[in-house]
Amino acid sequence: FEQRRRHLLIKIPLLFTVMVILFLPAITGYGIPLVYLPGIIALIFLIFACDELFRKYPTDFKNTITRTILTFIDPSLSYYSNNCISKKDFKKCNLFEDHIERYSGSDLIQGKIGKTNIKFSYIKADRSKDNNDSEIFRGLFIVIDMNKEFHGQTIIYPNIAEKYLGPIGKIL
């Protein structure tokens with residue numbers, strides 16, 4: 001993976017330089033349409049190289065390296081890059097009272113460590129479709145079956161004191 005990353009980090013600036021040089025006549029106004037063809041070809045290769053570096057490489061890296069690390073930690077752990085903890089399990093924790101309008105996540109890891117079932121993933125939950133200020137939760141969410149009984153309930157509310165009271169709210 002390191003060799004592949006280094007190759008891409010050399011290839012992208014090289015392709016960008018070639019593309020700029022080939023488009024130089026067009027930029028200065030001295031070019032004829034036939035001269036643009038090599039520049040367009042270089043641009044297409046540049047787009048594919050950037051796609052490889054910024055989209056495909058991280059996905060391949062996560063799928064290969066994460067699985068290898070998890071197998072090393074405990075062979076019973078499984079990794080699903082495109083899955084997450086279900087919305088039902090998220091709501092079941094009763095940590096948030098808000099209605100969840102948008103729910104997404106990735107990188108589900110699940111399995112058994114000793115006698116304890118565990119699963120965790122990245123989660124993003126919002127209370128509305130349009131407003132970015134409506135975030136309920138964003139981060140790593142963990143579900144652990146500890147075979148213990150707890151009596152009580154915890155509810156998490158957003159910290160709005162600072163928003164409305166300024167520095168006094170921060171102290172509170």
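Position 1 is the first residue of the sequence; numbering continues from there. Values reported hereafter were calculated over all heavy atoms of this structure, with side chains retained and with hydrogens, waters and symmetry mates removed.
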If I take atom [atom1] from residue [X] and atom [atom2] from residue [Y], how far apart are they, to the nearest 0.5 angstrom?
{"X": "Cys84", "Y": "Asp89", "atom1": "SG", "atom2": "CG", "answer": "10.0 Å"}
{"X": "Ile136", "Y": "Ile123", "atom1": "CD1", "atom2": "CD1", "answer": "12.0 Å"}
{"X": "Ile118", "Y": "Asp74", "atom1": "CD1", "atom2": "CG", "answer": "10.5 Å"}
{"X": "Tyr103", "Y": "Ile85", "atom1": "OH", "atom2": "CD1", "answer": "6.0 Å"}
{"X": "Ser106", "Y": "Asn82", "atom1": "OG", "atom2": "CG", "answer": "8.0 Å"}

With a 4.5 Å limit on heavy-atom distance, are the side chains of [X] and [Y] in contact?
{"X": "Leu108", "Y": "Phe120", "answer": "no"}
{"X": "Ser121", "Y": "Tyr80", "answer": "no"}
{"X": "Phe72", "Y": "Leu77", "answer": "no"}
{"X": "Ile109", "Y": "Leu70", "answer": "yes"}
{"X": "Ile100", "Y": "Asp126", "answer": "no"}

Donor-acceptor contact present, side-chain [X] to main-chain [Y], <3.5 Å:
{"X": "Ser76", "Y": "Gly111", "answer": "no"}
{"X": "Lys124", "Y": "Glu135", "answer": "no"}
{"X": "Asn63", "Y": "Thr59", "answer": "yes"}

Hydrophobic clustering (ILVMFWY, side-chain heavy atoms < 4.5 Å, transitive) - are [Y] and [X] grouped together?
{"X": "Ile65", "Y": "Ile73", "value": "yes"}
{"X": "Ile113", "Y": "Ile142", "value": "yes"}
{"X": "Tyr122", "Y": "Phe141", "value": "no"}

Surrounding NZ of Lys92 (heavy atoms of other residues, nucleotides or ligands, distance under 6.0 Å), is the total greater than 12?
no

Is Lys119 paired with Asp145 through a side-chain N to carboxylate O contact shorter than 4.0 Å?
no

Using the salt bridge (charged side-chain N to carboxylate O under 4.0 Å, His left out) rule, collect all pairs that involve residues 57-70, keeping only residues at least two apart or in two chains.
Arg4-Asp60, Lys62-Asp107

